[in-house]
Amino acid sequence: MRHYPDDTLIEQAQQQDNRAVSILYQKHHTDVFRYLYYLTGDIPTAEDLTSEVFIRMMKALPAYRQNGKPFKAWLIQIAKNLSADHFRQESRRSEDSLPENLPAMHETLDEKNQNSLNHETLQKALAALQDAQREVIIMRFVLELPLQDVARSMGKSEDAIKGLQRRGLLTLRKLLTEMEIYYD
Amino acid sequence: MTDQTLRDNTLETYLNRMESGEALDQMRANAGTEDPELSESLRLAAAIRKLEHPRLEARANPSRYGESGQASQSRWRLSEWLLRPKLTFASLAVFVLFLSVVFLLTGNARAEKAAVGALIGTAEVRAGGEGETWTALRSGDELEAGQVVRTGASSSLVVRFTDGSLTSIGPNSEISLEVVASSGKESIRVILFQHYGTTAHQVAPAYDSGRSFIVKTPSGSATVLGTTFAVAVRPDGLSRFDVRNGKVKVSSDTGQVELTSGQATTILNGDSPEMPGYQFNLTGIVEEQSPTAWVVSGINILLNEYTLVTGAPAVGDSVYIQGRILEDGAWLADEILAQESEPISSFSGIVDEMAPGQWVINGISIFLNEQTVTSQDIEVGDTVRVNFAIQEDHTWLALSINKLHNEDNDDPEETETPEPEQTPDPEATPDPEDEIDCTGANPHPKAVKLSELHSVTVEEIMGWFCQGYGFGEIELAYGLSEQSGTPVEEIFALREAGMGWGNIKKQMEEIDTGASEESLDKKPDKKTILPPGLEKKPDNPPGLENKPEKKPKKEK
């Protein structure tokens with residue numbers, strides 16, 4: 001696919017060029033989905049929320065102004081807000097329903113994957129991090145966004161993001177060790 | 001540049017080199033000589049980047065939602081996604097696995113209930129969702145995770161957890177109970193989010209792994225390891241954490257400090273916690289005022305731009321000041337209230353000198369007489385809390401000096417995640433005599449009299465005295481406890497959360513009729529007539545409406 005810069009695509013999309021909208025979607029939907037997957041831990045939920053992100057993108061696009069913030073950061077912010085709404089709704093669910101009816105873990109996990117770092121074990125470990133640390137880890141190392149973009153997306157200084165990523169990696173390492181999950 | 005900042009920058013430098021294609025092994029070898037932690041962090045970062053992360057390939061995308069570009073509701077078909085060969089798990093299995101790991105990480109946690117203890121005035125509860133309605137709380141009601149509790153003006157309540165820990169919620173406050181669970185046989189896991197207002201916590205010591213007690217605020221969080229501490233969240237976004245006994249880690253997104261007994265810190269949104277300082281509570285008369293410093297009963301008190309002054313006190317007025325002693329010995333006010341208050345002041349610090357009749361604590365001379373009660377084993381270098389009264393000649397007379405205890409069982413490299421500890425018998429209630437021993441060789445005669453009157457030990461009475469309560473207050477609390485059936489520690493907890501004794505007394509005397517069921521909502525229930533002052537939930541709690549004027553930073 002030929003590379004189109006986001007600002008050009010945004011201008012065209014704002015003029016109701018459906019092809020530009022389609023390219024924006026193709027460029028960014030994977031990262032948005034992965035961001036939501038690692039936040040929610042549930043693929044169908046991440047799917048639903050991803051589509052909602054782009055629905056909201058289309059509604060908000062006519063009034064969108066870049067203002068120095070990367071377009072992806074804007075999409076990530078929409079995704080973050082949607083996931084927060086999702087968790088608020090889900091918080092009504094009683095904790096009593098959580099662990100007592102679970103099948104034994106070893107009966108559902110693929111033996112080969114049980115102790116290795118993969119997207120599932122990573123997601124489980126990330127779930128135990130503080131919110132800000134988890135977000136930084138996802139954006140820096142899953143989505144591979146530059147530090148500057150992560151800082152703008154989260155509304156924090158670059159120094160703050162550096163601190164979060166170092167402490168996040170440290171905590172994540174300890175969690176993975178406790179979970180006996182290994183990586184190369 | 002702090003060591004932490006240096007490490008942050010070094011990691012980022014190596015990450016940039018990794019992103020530009022430099023060989024990981026060589027980088028790790030170089031990094032390992034600087035810092036083993038750095039090498040391992042690089043290894044993990046590289047491993048995450050190498051992972052095959054899930055992909056989403058949709059059947060449709062928004063550009064097909066109509067000529068006008070108007071999006072319609074659309075969802076990816078789950079069945080199609082489930083048939084994708086790249087994933088080997090059904091969505092239900094993934095969800096179950098997710099729950100399994102939550103279960104695993106929380107150590108087989110199961111939901112627990114907390115109980116509403118003493119309640120004064122009006123308090124309400126709702127489920128977590130914004131659209132849920134508020135219902136009145138009563139003493140004895142159960143609370144659980146996911147609920148939100150709020151109090152009205154002149155209201156307060158105590159929440160009791162299954163391990164005996166107590167949380168007092170002060171007037172005009174709101175907290176969410178994010179997690180209330182037991183982990184293992186005897187330990188408990190509690191996470192509270194304090195939206196605004198004041199709380200005080202008496203957390204039972206933990207003796208097994210899995211126990212944690214965390215209070216989060218919009219600007220930071222405190223991880224508790226068995227202590228008595230308080231949290232205040234102001235409308236201007238500043239959170240204050242102070243510790244009576246024990247150790248608390250306070251963290252924000254950008255930094256972390258550890259508070260030991262007697263210390264306090266503040267965090268403003270987006271900032272790191274302030275350096276811990278020994279805390280003080282001072283009641284006195286304003287003698288001089290300037291924008292950056294006041295003199296209160298002969299004591300120089302500094303003010304900065306974050307000092308909250310309420311009630312517009314003037315020279316000659318009585319004020320209550322809560323603040324911290326800075327590293328240079330200056331007394332900085334966090335909050336100044338114009339009010340009549342108890343004549344007892346207090347501060348914490350390190351014992352510098354001990355001479356008969358006069359000690360020096362944190363560089364401050366303080367006099368002792370035959371009525372002064374002290375812990376039996378205080379030595380130079382110990383951390384103590386001093387309750388004192390300011391005499392007419394501005395000298396300070398110690399009423400009690402009690403030794404504060406810290407718990408030294410933490411890994412200094414520990415992160416914000418609490419480390420495992422032991423937990424006591426969950427039926428046990430924290431007993432002041434277990435924490436503070438300040439009876440002295442000759443118990444105070446008033447304490448002896450009260451102990452006989454209320455059939456408790458002298459040590460128990462002295463325990464409350466050494467926490468800063470006068471004998472009149474102690475007598476009142478025990479009397480109210482016997483009258484209402486409310487445990488005496490809950491009555492003190494209400495006081496700790498900021499309730500005046502008048503209100504506590506009035507409510508305890510009416511305890512048989514139950515708490516008010518009037519709503520705190522703006523629109524009253526049809527069957528409820530709201531009392532004056534409760535028709536509208538204020539944006540700012542009473543006494544905190546006025547944001548302090550900007551004051552110049554203090555000059556050192």
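Reminder, nothing fancy here: chain letters follow the sequence lines and each chain counts from 1.
Using a 4.5 Å cut-off between heavy atoms, A:Leu129 does not touch chain B at all. Both the backbone and the side chain of A:Ala160 come within contact range of chain B, judged by heavy atoms closer than 4.5 Å. If you measure heavy-atom distances from A:Leu172 to chain B, the contacts under 4.5 Å come from both the backbone and the side chain.
In this structure, A:Arg140 CZ and B:Glu19 CD are separated by 5.0 Å, a value rounded to the nearest 0.5 Å. One distance of note links CD of B:Glu12 with CD of A:Glu158; it measures 8.0 Å at 0.5 Å rounding. Rounding to the nearest 0.5 Å places NZ of B:Lys216 at 6.0 Å from CG of A:Asp131.
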query = Between A:Tyr38 and B:His53, is a ring pair (Phe, Tyr, Trp, His ring centres under 6.0 Å) present by the stated rule, with each step listed?
reply = CA-CA 10 Å; A:Tyr38 282 108; B:His53 300 290; 5.5 Å; yes
message = Determine whether A:Arg173 and B:Arg43 satisfy the following criterion, side chain to side chain contact (heavy atoms under 4.5 Å, CB included), listing intermediate values before the conclusion.
response = CA-CA 10 Å; A:Arg173 262 177 40 219; B:Arg43 188 167 78 93; over 6 Å; no
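Chosen from B:Leu51, B:Leu44, B:Asn16, B:Ile48, the residue pairing most often with chain A at heavy-atom distances under 4.5 Å is B:Leu44.
Proximity of a side-chain donor or acceptor of A:Arg34 to a complementary backbone N or O of B:Pro54 within less than 3.5 Å is detected.
Between B:Asp8 and A:Gly163 the shortest heavy-atom distance is OD2-CA, 3.3 Å. Listed here is the closest heavy atom pair of B:Ser221 and A:Gln130: OG-NE2, 4.4 Å.
Here the side chains of B:Leu11 and A:Leu169 are in contact, with some heavy-atom distance below 4.5 Å. In this structure, A:Lys162 and B:Asn9 have side chains that are in contact, with non-hydrogen atoms separated by less than 4.5 Å.
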